[in-house]
Every structure is written in C-alpha cells, then in structure tokens.
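Below, all heavy atoms of this structure are taken into account, side chains as well, without hydrogens, waters or symmetry copies. Every chain is numbered from 1, with letters handed out A, B, ... down the list of sequences.
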Amino acid sequence: MRRNPQLNKNGELQHLLSIEGLPREVLERVLATADSFIGVTEREVKKVPLLRGKSVFNLFFEPSTRTRTTFEIAAKRLSADVINLNIAASSQSKGESLLDTVANLSAMQADIFVVRHGSSGAPFLIAQHVKPHEHVVNAGDGRHAHPTQGLLDLYTLRHYKKDFTRLTVAIVGDVLHSRVARSLIHGLTTLGTPEVRVIGPQTLIPTGVEALGVHVYRNMREGLKGCDAVVMLRLQNERMRGALLPSAQEFFKHYGLTADKLALAAPDAIVMHPGPMNRGVEIDSSVADGPHSVILPQVTFGIAVRMAVMSMVAGASA
Amino acid sequence: MTALPDAEQLCLQLADAIRPQLTPNTAMIGLYTGGVWLAERLHDLLGIAEPLGTLDIAFYRDDYHQQGLARDPKRSKIPFSIEGRDLLLVDDVLFTGRTVRAAMNELFDYGRPARILLAVLADRGGRQLPICAQYCGARVEVPAGARLRLRRTEEGRLSLQLEHAT
C-alpha cells in the first residue's frame, strides 16, 4: 500500500495537505497540541523558541488576509522568521513555473512552505518535490481542501461541545465551492460525529456529497432542527460560474441564518463561520454578533492550531 | 541491586526539609508528569495557600530538532504572577538537568522571580548542566540506559520504578 504523502515512516505528520486520509490519532494529536499552545497565547510573552532559526515562507498565489496573517502570527510565536510572498505580483506573472519558484525559495533555505493556491493539488505537487527537511502546509487549494481551517473548526467544536460522538453539525450554504466544508466533513466523520448535515440549494451542493457520510437538506428549517453547531459558509461569488443563484437577497431569504431560524437548533447551539462573512447574505448581523456566535474565538483558536501544525511538521523527519 | 527507596516516605522527608524554609512569598510549580504528582502531594503536606502551578516544558526542550514535538503536551498553567516570588520548582527525578534548564527558560517567559529553588524526589546523578537540587529525597544509583520514574496508582499511591531499555 502506498504511504500517505503527509505522514513519515513513523506515522507522524510531515506535511499537512488535507484532512482526508489522516488517521484519528493524528487529528487528536493536533487538537491536544493546539490546546497547550492556547496556554502560551494567554501569557504576557506569547512566544516559544521551538522554530528559532527556521524560515517559514508564506506562498500566497491567491489573496487572503486572515489566513495569511494568522499563519504569520503563529510562525512568529514559534520564533521562526517569516517571509511573505505575494506571488500574484511577482515572478509567476513573469512566467516562472510553480516548481521553479519553490526551487528558488528552497535555495534561500526555506524550512516550511505555507501554500495557498487557486488550483486544487498545488500543495501536493510541491510536497512531492521539496527536500527531506522541508515541509508543506496547505493554506487552501482551489475547491479541494483547507485543512488548518478544518482543524480550527474541529478545535472550536471540541472546545464548546467536548464530545464529537454525540454531536449534530450542520454546514450551510455554498458547499459546492467550499474547501472549508470538505475539510470539515472529513474531520468530523474521522472523529466519529454521528450526524453531519449539509444544507443549501441544489445548485450549491455537490452531487454525490452523501458518499462522504452526510445528510443533505434543501430546506434550512428542516435541516437546523436539533443541531448542536451551525457552520455558515461564505457565498463565494468569485468562484461562481454562470447563474447558480437568482440573487443574494433570494439566498438570504432561504439560507441566511436569522435568529428565528437559529431558534430551531439546540438551545445551546454554537454558530461558526470561517470568514470573511457577508452580513445580510448568509448571516444576519444579530446572529453574527449574538450570544451563540463563536466566530471571533475561532480566529483566536486558529493561531494555536497553526502553531501546533507547524511545530509538529517541522519536528517530523522525512 | 539494592531496593529503590519508598516514594511515600521520601515525600514526607522532603516536606519536613522544605517546611522550615517556607516564606509567605513561596509558590510551588510542578513539572509534568511525575513532578506534578509530587508537587500536589507536597503542596498539600505544606499547606501552601497559593494554588499550585504546573509546567509542561515540551515547547522548550533542547532535543526538539532530534526528537520532534513531544506526543502529548499539557497546557502549562501558572495561576499567579511569578514576578518577585520565591519559586519552588518540583520534579520527580533529577538526571541530566536539561528538563530543569528548559523549565527555567519557560518560567522567565512568565516574569522575573526573585529566586528559584529545586526540590526532587530522587537524584540519579549524570548531570550535563551546572544544576543542583536544594532539596533532594534520595540519591539513587541507576544503571546506564535504564530509566527511573515516578508512578502513581489509581488510589494515588506514589512509587519509584526502574525501567530497563528494551
């Protein structure tokens, strides 16, 4: 059997490319490690010396503010040197290939590549070509995966709800274009979540998604009943081809999360959103800022989760 | 080989040795995992008012680049300001001194204590750094390659055990 390209011969995480295919123990180890980093982020001095002398290259072929910034903060809190490359404005526009860009950065002594790319699979390609001491972390590739977002969602769920094996989780909205949804679904099923629902219009739910072990609901009120957590997704206008939706207003009417729809979920349900959110499109302001919302804690947890991932991969030999 | 000393007995002796030198400024910090068990016991025996601090030095180890990140790090918790305090650092076994160095590095990221003293249940020698314990339950001869560690039963009883390399 071919080994999972993310794991070394001891089964340790050496690249993080996708939650799909990662064993339960590895996911649990990331969550446990992130939990101890939370302690660090609550201190006066928020740095530990683990990655001192290491270089983290943030390779963002697609724009991102939150993810890039939280990776940068996480790397700095591990004492790494961080180099941010805005590729859209650099060599690729002059015709350099992806692997040539990476080879050049490797010659500058990189240790970790954090990669965001519009094409699914780009981080896999890079991971296949890096040197043994170099590590790749996928920060979102096309429609495929966004594993650190999935992991921080899992961390958030565990923080508020403790036990995955008793949860009902709904993922609502533009599942079709969402790498976040895919990563989260794989993580939830691996950790034994009994009921994962996806809710959205037919045009925004990928065909065959049931094969991932989820239940599909077209009617949001039906789908929200009894949910312990509601994960709202951003309507990804920039990835839409053709007319999948009549209008944003129409979408909000059927699939926007409002207080009266949320009332159908469990009384202590939490509301999550990977951001950036469109108020009045997928979520109402009163919910986004309301008592059920854990959207801002998600951002804080994301730093600890990324610290965990980077310190785990950088410590795993090839 | 001589039998290992009784850990329960050593706890009481250690508490007796520490007691006369406690001040209102003393706070106690245990190192995971064995050091926390011992510290919980000493904290109780000595009736220290300040809650116990616990430290996991996983993020400060000097062998990270050889060994990678420890498997199950715990969250370090120091529920008081260490600024200007007399800290009593507690660990089960003192060996190379590298754990204590890492712990001191971590502590200084919380503040500047007035002084740090070290209490250990057993000292097995073999120091690789200039570190010594101010309070030590017993000196124990341990064959090279073997590991001396503290165990705790479900009932909370402490014992020292020798583990031979396989």
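- A salt bridge does not link A/E25 to B/R71: none of the charged side-chain nitrogens sits closer than 4.0 Å to a carboxylate oxygen.
- Using a 4.5 Å cut-off between heavy atoms, A/E42 touches chain B through its side chain atoms alone.
- Atom CD of A/Q109 has 12 or fewer heavy atoms from other residues, nucleotides or ligands within 6.0 Å.
- The minimum heavy-atom distance linking B/Y64 with A/S311 is given by the pair OH-O, 2.7 Å.
- Highest contact tally toward chain B, considering only A/A32, A/A308, A/S36, is held by A/S36 [criterion: heavy-atom pairs under 4.5 Å].
- Counting heavy-atom neighbours within 6.0 Å of B/R139 CZ, excluding the residue itself, gives a total of 12 or less.
- With chain B as the partner, the residue from A/V40, A/V48, A/L51, A/L78 showing the most heavy-atom pairs under 4.5 Å is A/V48.
- Sparse packing is recorded around CZ of B/R61, with 12 or fewer heavy atoms of other residues, nucleotides or ligands lying under 6.0 Å away.
- Proximity to chain A (any heavy atom under 4.5 Å) is shown, for B/F59, by both the backbone and the side chain.
- No part of A/V313 comes within reach of chain B, as not one of its non-hydrogen atoms sits under 4.5 angstrom from that chain.
- No more than 12 heavy atoms of other residues, nucleotides or ligands shown are found within 6.0 angstrom of CD on A/E44.
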Before giving the answer on side chain to side chain contact (heavy atoms under 4.5 Å, CB included), spell out for A/E12 and B/L69 the whole-Å C-alpha distance, their side-chain angles and the decisive distance to 0.1 Å.
CA-CA 10 Å; A/E12 297 163 332; B/L69 198 62; over 6 Å; no

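- Rounding to the nearest 0.5 Å places OG1 of A/T33 at 12.5 Å from CZ of B/R75.
- Both the backbone and the side chain of B/D109 come within less than 4.5 Å of a heavy atom of chain A.
- Shown here for A/R43 and B/Y110, the closest heavy-atom pair between the two residues is CD-CZ, 3.1 Å.
- Heavy atoms closer than 4.5 Å to chain A are found in the backbone of B/Q67, but not in its side chain.
- The most heavy-atom pairs under 4.5 Å with chain B, out of A/G315, A/S317, A/A314, come from A/G315.
- Per-residue counts of heavy-atom pairs under 4.5 Å with chain A were compared for B/K74, B/K77, B/Q66; the largest is that of B/K74.
- Within a 6.0 Å sphere centred on CZ of A/R52, other residues, nucleotides and ligands contribute 12 heavy atoms or fewer.
- Contacts of A/K46 with chain B are absent, with no heavy-atom separation under 4.5 Å from either backbone or side chain.
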